Enquirer: 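Take a look at the following structure, please.
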Amino acid sequence: MKRNSNLALHGGEPVRQTTLPYGTHSIDEGDIESVVGVLRSGWLTTGPKVTEFEQTFAEFVRAPHARSVSSGTAGLHAAMHALEIGPGDEVIVPALTFAATANAVVYQGGTPVFADVDPRTLLLDPLQVESNLTSRTKAIVGVDYAGQPCDYSALQNLADRQGLGLVADACHSLGARDLGRPVGSLSHLSVFSMHPVKSITSGEGGVVTTSDAAMANRISLFRNHGLSKDHRQRNEEASWFYEIRELGYNYRLSDLQCALATSQLRKLPSWLEQRRSIAKRYDSALAGCGQVVPVQTRAGVLHARHLYVIRLRLDRLKVDRAQIFKALQHEGIGVNVHYVPVHLHPFYRRVLGTGSGLCPVAETAYEEILSLPIFPAMTDRDVDDVVQALFKVLNAYSRTRFHQLSKSFGRDRSNPSRPFSGDTGKTQWVQPL
Ligand SMILES: *Cc1c(COP(=O)(O)O)cnc(C)c1O
């Protein structure tokens with residue numbers, strides 16, 4: 001029997017004709033108007049929209065200070081600078097993150113030290129942080145993987161005991177909370193990204209929030225060449241004079257971008273609701289699926305659901321994650337993988353001598369993880385397509401014998417209002433055994 005013959009990978013009908021992306025931005029007329037308004041205003045950069053955005057953002061995350069920067073990566077770099085990371089200093093980062101988390105340490109001449117993640121949550125494990133502490137450790141960076149805040153009270157206790165800086169890489173977790181407190185106020189320094197796949201966008205952009213006025217000031221200087229006064233201040237004072245007190249960069253965010261970001265931020269609460277409802281729909285569809293293990297959420301956390309990550313039970317499948325990934329792509333489902341553990345990248349292998357075996361939990365997770373599409377504009381129907389495609393693929397590659405798919409399997413293309421043929425309108429999934 002040619003069991004796999006209905007997979008799109010083998011020439012079968014795909015679940016979707018056009019690929020559903022794993023994440024994408026939403027732009028409406030209000031966003032466009034806000035940017036056009038700036039174009040007509042005369043202030044394209046270092047103007048009033050920057051201050052307005054920073055104040056709005058700080059209020060949203062209940063942080064005393066927010067500083068916009070040109071990207072999340074620039075924000076991480078600014079945080080490393082604010083903590084005075086330099087040559088000889090070690091900064092503990094989780095192995096399972098986007099490379100920028102570690103790269104920012106290297107920009108400052110510091111050394112990233114990769115700590116393993118908790119197998120349940122895939123968040124930086126405080127015990128692993130502890131076992132990587134040395135006399136050179138200067139800071140810890142937690143990463144709010146997939147949109148779930150780390151246990152910052154545990155990390156802060158550790159940091160306080162050792163006199164270390166603590167940074168939240170909150171590029172996934174804008175809008176998340178821990179015990180009611182918003183991300184952005186959970187750590188002395190928190191870094192956000194506004195890249196288009198993130199929860200709000202300014203094209204490119206980032207924000208650093210802090211509870212510390214001196215750090216906010218250091219970041220203001222750092223993003224503007226280390227200049228003592230910005231263009232607007234000098235304009236207001238009709239003065240040409242400024243001083244370079246320390247080396248900075250041009251990491252500014254323009255008024256065009258800040259106006260877009262302010263407009264986007266207004267929609268964030270409803271987008272978060274949509275993300276959470278999509279995640280819930282996935283949760284219930286996948287609850288009984290023996291081939292998939294969900295990533296757990298810590299008690300007390302309100303998740304931002306930037307990513308919806310599943311782990312494959314490879315022991316119950318005949319193929320590896322790469323094959324499942326390829327089969328889902330052929331079905332029109334834009335799955336992704338977050339992330340290749342940073343210490344396995346050639347750059348870090350070469351420069352730091354890292355390699356497999358350093359962070360076994362992250363390495364094992366990497367073989368099993370798959371990010372399913374999630375973004376605010378996704379409909380229930382889109383979610384159902386993902387689930388249908390996932391079950392179709394898992395069934396084809398399941399080690400255990402799958403039960404008959406019969407009439408309920410496969411969309412009825414002749415009647416798009418009915419999601420599945422043989423279905424009475426109520427969503428019905430065929431779960432792999
Ligand atoms: C997106 C991201 C970054 C970098 O943000 P950019 O705005 O793309 O520079 C850093 N860390 C994590 C965890 C991210 O997801």
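Counting starts at 1 for both ligands and their atoms, following the listed order. Quick note: residue numbers are just sequence positions, from 1. Keep in mind that what you see is a predicted model, and the values were worked out from it rather than measured.
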Enquirer: Below 3.5 angstrom, do we get any N/O pair linking His195 and ligand 1?
Expert: no
Enquirer: I'd like to check which ligand 1 atoms, numbered from 1 as shown, lie under 4.0 Å from a non-hydrogen atom of Gly205.
Expert: 7 (O)
Enquirer: Indicate, with yes or no, if the rings of Tyr308 and His338 have centres closer together than 6.0 Å.
Expert: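 No, the ring centres sit 6.0 Å or more apart.
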Enquirer: Which ligand 1 atoms are under 4.0 Å away from a heavy-atom of Thr97?
Expert: 13 (C)
Enquirer: Is the contact between Thr73 and ligand 1 made by the side chain, the backbone, both, or neither, using heavy atoms and a 4.0 Å cut-off?
Expert: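 Answer for Thr73: both.
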Enquirer: So which bit of His172 gets within less than 4.0 Å of ligand 1, heavy atoms only: side chain, backbone, both or neither?
Expert: side chain
Enquirer: Of all the non-hydrogen atoms in the protein, which one sits nearest to atom 1 (C) of ligand 1, and at what distance?
Expert: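 Answer, as residue, atom name and distance: Lys198 NZ, 1.5 Å.
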Enquirer: Suppose we call two aromatic rings close when their centres sit under 6.0 Å apart. Are His77 and Tyr251 close by that rule?
Expert: yes
Enquirer: Only one of Thr45, Leu253, Asp255 clears side chain to side chain contact (heavy atoms under 4.5 Å, CB included) with Val50; which?
Expert: Asp255
Enquirer: So if I count the atoms of ligand 1 from 1 in the order they appear, which ones are less than 4.0 Å from some heavy atom of Tyr339?
Expert: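 Answer for ligand 1: 15 (O).
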Enquirer: Hey, do the aromatic rings of Phe192 and Phe57 have their centres closer than 6.0 Å?
Expert: yes
Enquirer: Quick one: do the Tyr152 and Asn157 side chains pair a donor with an acceptor below 3.5 Å?
Expert: no
Enquirer: Can Glu130 and Arg161 be counted as an ion pair, charged N to O under 4.0 angstrom?
Expert: yes
Enquirer: Using heavy-atom distances, let me know which of Gly72, Ala74, Gly206, Gly75 sits nearest atom 6 (P) of ligand 1.
Expert: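 Answer by nearest heavy atom: Gly72.
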Enquirer: Testing the 3.5 Å rule here: is there a donor-acceptor pair between the side chains of Gln291 and Ser398?
Expert: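 Ser398 and Gln291 do have a side-chain donor-acceptor pair below 3.5 Å.
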Enquirer: Which of the atoms in ligand 1, numbered in the order shown and given with their element, are less than 4.0 Å from a heavy-atom of Phe98?
Expert: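 Taking each heavy atom of Phe98 in turn, ligand 1 has 2 (C), 3 (C), 4 (C), 10 (C), 12 (C), 14 (C) under 4.0 Å.
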Enquirer: Should you measure from each heavy atom of Ser71, which atoms of ligand 1 turn up under 4.0 Å away?
Expert: 7 (O), 9 (O)
Enquirer: Salt bridge or not for Glu90 and Lys138, using N-O below 4.0 Å?
Expert: no
Enquirer: Could you tell me whether ligand 1 has any atom less than 4.0 Å away from a heavy atom of His338?
Expert: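 It does not; every heavy atom stays at 4.0 Å or beyond.
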